[in-house]
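Notes to accompany the following structure.
The sequence lines fix the lettering, A, B, ..., with proteins before strands; numbering per chain opens at 1. Hydrogens, waters and symmetry mates play no part in the numbers below; they use all other heavy atoms, side chains included.
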Amino acid sequence: MPPMRTRFAPSPTGALHVGGVRTALFCQLMARHSEGSFVLRIEDTDRKRSEERFTEGILESMRWLALDWDEGPHFQSQRTPLYRDAIEKLVASGAAYRCTCTAEELQTHREAAKAAGTRISYSRHCRPGVGPGPVEGKPASLRIAVPLEGEVVFYDEIKGRIGFAVEEIEDFVIARSDGSPTYQLVVAVDDADMAITHVVRGDDHVNNTPKQILIYRALGLEPPKFAHLPMVLGADKGRLSKRHGAASVLEYRELGYYPDALVNFLARLGWSHGDQELFTRAELVEKFAIDDVNPSAGVFNAEKLDWVNAQYLRARTPEELAGDLREFARREENRELRGDEAWQSRMVETLRERASTLKGLLDSARYYLDEDLIFEEAAVKKLLVPEAAPLLDALIARLEALPTWDAPGLEETFRAVAEERDQKLGKLAQPVRVAVTGGKQSPGIFDVLEVIGRDWSLARLRTGVEMCGARSDPG
RNA sequence: GGUCCCAUCGUCUAGCGGUUAGGACGCCGGCCUCUCACGUCGGUAACGCGGGUUCGAUUCCCGCUGGGACCA
């Protein structure tokens, strides 16, 4: 068996979205699994809608996700001679014929066909031996002479047998009257030229497949195998759009998702391997098989993506995670984190269990990184009450005398103060938490205090005491 | 409207004629506990409908219904 060759062929008319990423991923996995090649081709034939910035965005997205390609990117806009040759060949062999029907004439034919109940919308007016033929001297488009009877059948790697009665396929255009090739022609010629063995693409191309097979045949070539991936749907089972989250996968980078996590999540959307949920890249390559892909469309479940990302995030060591966070803060928020790497690692260690993305992690680190606190009103109202003041005062006195500032020592002090005052630990810990973090939830308070450090901690506790008093005296 | 595709918990899925229909996310509850989270234990929840085929259908076949894609 010759080595497998797959391709991903996006058109640069927009950003790469999650559906496209999944297609690219499956193409890459198939190729890698069989030690074949993964080709990247940019379908920029639509000059009006194609923009270079989209091409750059697509390449950037693929690099970010490590969807590395082995060949390309090839640009269709640079391959016109190839298409011209193919067109000439098709005309010479009689597989394609000139059509001089005008738009108005075509419209008339369509209406007539509709009235007659015929399914084909083009009358084959210009087809030799069928209609009156083309008008000489007029600009002509080129159409494929589709066989008049039979069926075009292919065996989809995911969906199985798919057949189209030839009556359903009109004599489609392969070159416009200005000589420019159409999508169907270009795709088939490129796939053939690049020796693609497996065309893996979205479901929305199923209807194009018989036409492309016809072109292959007309060119005397053996068609490749096809695999049509089901669509990725939004939460409302409609087409994925901005309302469902990101239009561009790069937005997931901005939100602090790991590329491997997004890839893992997308791999599991439509594909599975037993009960396994988490896969390394190597496992994906090893275990991926196109016939394990589910034929039905799948809904993009953002909550599950969060969970997957959280798994990846927690698998990082504190040191690695601190590095990830530094890089993220620099890239997305253009800022440097406070403190040295050891301190940052310690900080991140306290936060990692409750974050699912780097952005979430960074946002939750405010009370470590910024000197000014943002207080949650409800928390202040509930916990920084007059009764808490004496407890806090007692704690502050003890803490000031503490020789070393670390979590075990802090815990000992807290317990001692609570016991002295005959209070549960929570009665002390909760007001402290609000005073030093501004809110009711945080990592363990001793760790928080240790990371915040003596100076900021004591200052915040003193402010906290004042806040208790201020509330007791509304005047 | 035509053609094509699809159909198991809310979601992602396992299942490939005989299962108490399994796992994961989410959700709910217990435990842990200074709060939240993590962890852990438990719970909730599905074979769209109707015909066949078969001793037996979630599973195979045919309709229907419902989604979706493409073309018009």
Side-chain angles (χ1 to χ4, degrees), chain A residues 19 106-107 110-111 113-114 117-122 152-154 156 158-170 172 201-211 228-240 264-278 291-311 313-314 349-356 360-361 364 376 379 382-383 407 410-411 414-415 417-418 423-434 436-437 439-449:
Chain A
L106 291 174
Q107 183 62 29
R110 244 193 300 279
E111 277 159 19
K114 203 173 172 184
T118 320
R119 287 187 286 188
I120 289 294
S121 59
Y122 176 59
V152 181
V153 176
F154 64 98
D156 191 275
I158 294 169
K159 297 172 188 292
R161 184 190 187 279
I162 299 178
F164 289 84
V166 110
E167 289 78 26
E168 303 296 340
I169 308 168
E170 69 171 349
F172 56 98
R201 72 219 314 192
D203 228 349
D204 45 345
H205 287 291
V206 172
N207 294 283
N208 292 327
T209 304
K211 294 179 181 174
H228 288 95
L229 300 172
M231 301 277 95
V232 177
L233 273 25
D236 57 0
K237 302 206 178 193
R239 219 181 176 139
L240 212 52
N264 190 149
F265 168 77
L266 254 14
R268 276 289 287 101
L269 178 53
W271 173 81
S272 63
H273 185 79
D275 286 341
Q276 190 172 349
E277 296 288 347
L278 269 13
D291 33 89
D292 289 332
V293 173
N294 196 315
S296 59
V299 173
F300 184 90
N301 184 185
E303 283 160 347
K304 183 138 185 189
L305 171 61
D306 282 349
W307 177 81
V308 173
N309 201 66
Q311 303 310 306
L313 193 144
R314 281 169 209 150
E349 198 177 5
T350 71
L351 259 15
R352 60 197 296 215
E353 297 298 331
R354 54 219 96 204
S356 59
L361 185 68
S364 72
E376 188 191 317
K382 184 170 180 202
L383 291 158
L410 289 161
E411 174 159 11
F414 267 66
R415 293 198 184 278
V417 172
Q423 293 284 350
K424 283 189 156 179
L425 188 56
K427 282 288 177 194
L428 181 57
Q430 279 303 82
V432 169
R433 174 167 281 117
V434 177
V436 301
T437 71
K440 275 189 289 196
Q441 298 110 37
S442 82
I445 194 63
F446 315 122
D447 291 318
V448 168
L449 288 169

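- In this structure, A/F164 and A/F154 have parallel ring planes: the angle between them is below the 30° cut-off, well short of the 60° mark.
- A/E170 places its CD atom 16 Å from the P atom of B/U3, with the value rounded to the nearest Å.
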Is there a side-chain hydrogen bond (donor to acceptor under 3.5 Å, both in side chains) between A/R201 and A/T209 once you walk through the steps?
-> CA-CA 11 Å; A/R201 72 219 314 192; A/T209 304; 3.1 Å; yes
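- Checked by atom type and distance alone, the side chain of A/D203 never pairs as donor or acceptor with a backbone atom of A/S296 at under 3.5 Å.
- The P atoms of B/C38 and B/G29 are separated by 14 Å, rounded to the nearest whole Å.
- Taking a pair to require two hydrogen-bonding distances under 3.5 Å in either a Watson-Crick or a G-U wobble arrangement, B/C70 pairs with B/G2.
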Give the intermediate values and the outcome of side chain to side chain contact (heavy atoms under 4.5 Å, CB included) for residues A/L383 and A/K440.
-> CA-CA 9 Å; A/L383 291 158; A/K440 275 189 289 196; 3.7 Å; yes
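- The pairing partner recorded for B/U54 is none, the criterion being a Watson-Crick or G-U wobble arrangement whose two distances lie under 3.5 angstrom.
- B/G63 is paired with B/C49 under the Watson-Crick or G-U wobble criterion, all donor-acceptor distances under 3.5 Å.
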Measure all distances between protein nitrogen or oxygen atoms and nitrogen or oxygen atoms of nucleotides 4-11 of chain B, and list the pairs falling under 3.5 Å.
unit_1 : atom_1 : unit_2 : atom_2 : d
B/C5   : O2'    : A/K159 : NZ     : 2.8
B/U11  : OP1    : A/K237 : NZ     : 2.8

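- For the pair A/S272 and B/A14, the criterion of a side-chain N or O lying under 4.0 Å from OP1 or OP2 is met.
- The interatomic distance linking A/E168 (CD) with B/U3 (P) rounds to 6 Å, in whole Å.
- B/A45 and B/C62 have their P atoms separated by 34 Å, given to the nearest Å.
- With rounding to whole Å, A/K382 atom NZ is found 16 Å from B/C34 atom P.
- In terms of position on RNA chain B, the residue among A/F446 and A/Q311 whose nearest nucleotide sits closer to the 5' end is A/F446.
- Across B/G10 and B/C28, the matching C1' atoms stand 14 Å from one another, rounded to whole Å.
- Separating the CG atom of A/L278 from the P atom of B/G23 is a distance of 18 Å, rounded to the nearest angstrom.
- Rounding to the nearest 0.5 Å gives a distance of 11.0 Å between CG of A/D306 and CG of A/L313.
- When the C1' atom is compared between B/U8 and B/G15, the two are found 9 Å apart, to the nearest whole Å.
- Comparing A/K211 and A/D447 by the nucleotide of RNA chain B whose heavy atom lies nearest to each, the residue mapping closer to the 5' end is A/D447.
- If you check B/U19 for Watson-Crick or wobble pairing at under 3.5 angstrom, you find it has no partner at all.
- Remark: A/K382 does not engage A/E376 in a salt bridge, criterion side-chain N to carboxylate O under 4.0 Å.
- Backbone-only contact: A/G270 has heavy atoms under 4.0 Å from sugar-phosphate atoms and none from a base.
- One atom, CE of A/M231, and another, P of B/C12, lie 15 Å apart when rounded to the nearest Å.
- Distances shorter than 4.0 Å separate some side-chain N or O of A/R415 from OP1 or OP2 on B/C34.
- Each of B/A37, B/C36, B/A69 was ranked by its minimum atom distance to the side chain of A/D204; first place goes to B/A69.
- Between A/D306 atom CG and B/C12 atom P there is a gap of 17 Å when expressed in whole angstrom units.
- Within 4.0 Å (heavy atoms only), A/P443 reaches at least one base atom of the nucleic acid.
- A/L269 comes within contact range of the sugar-phosphate backbone alone, with a heavy-atom separation under 4.0 Å but no base atom that close.
- Under 4.0 Å is where a charged nitrogen must lie from a carboxylate oxygen, and between A/D156 and A/R161 no such pair does.
- Put simply, the side chain of A/E277 and the base of B/G23 share a donor and an acceptor less than 3.5 Å apart.
- The closest donor-acceptor contact from the side chain of A/R268 to the backbone of A/W271 lies under 3.5 Å.
- B/C32 and B/C41: their C1' atoms are spaced 11 Å apart (whole Å).
- For the pair A/H273 NE2 and B/G22 C1', the computed distance is 16 Å after rounding to whole Å.
- With rounding to the nearest 0.5 angstrom, the CG atom of A/L351 is 3.5 Å from the OG atom of A/S364.
- Looking at the side chain of A/R314, the nearest of the listed nucleotides B/C38, B/G23, B/C34 is B/C38.
- Using atom P as the reference point in both B/A21 and B/C47, the two lie 12 Å apart (nearest Å).
- Summarising the base pairing, B/C36 is matched to no nucleotide, lacking a Watson-Crick or G-U wobble pair whose two defining distances lie under 3.5 Å.
- The interatomic distance linking A/L305 (CG) with B/G26 (C1') rounds to 14 Å, in whole Å.
- Scanning atom types as modelled, one donor and one acceptor separated by under 3.5 angstrom connect the side chain of A/R354 and the base of B/C36.
- One P atom belongs to B/U44, the other to B/G22, and the distance between them is 11 Å to the nearest Å.
- If you take atom C1' in B/G43 and the same atom in B/C61, they sit 39 Å apart, rounded to whole Å.
- Using the Watson-Crick or G-U wobble rule with both distances under 3.5 Å, B/C25 pairs with B/G10.
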Evaluation steps, salt bridge (Lys or Arg N to Asp or Glu O under 4.0 Å), between A/E170 and A/K211 = CA-CA 9 Å; A/E170 69 171 349; A/K211 294 179 181 174; 5.2 Å; no
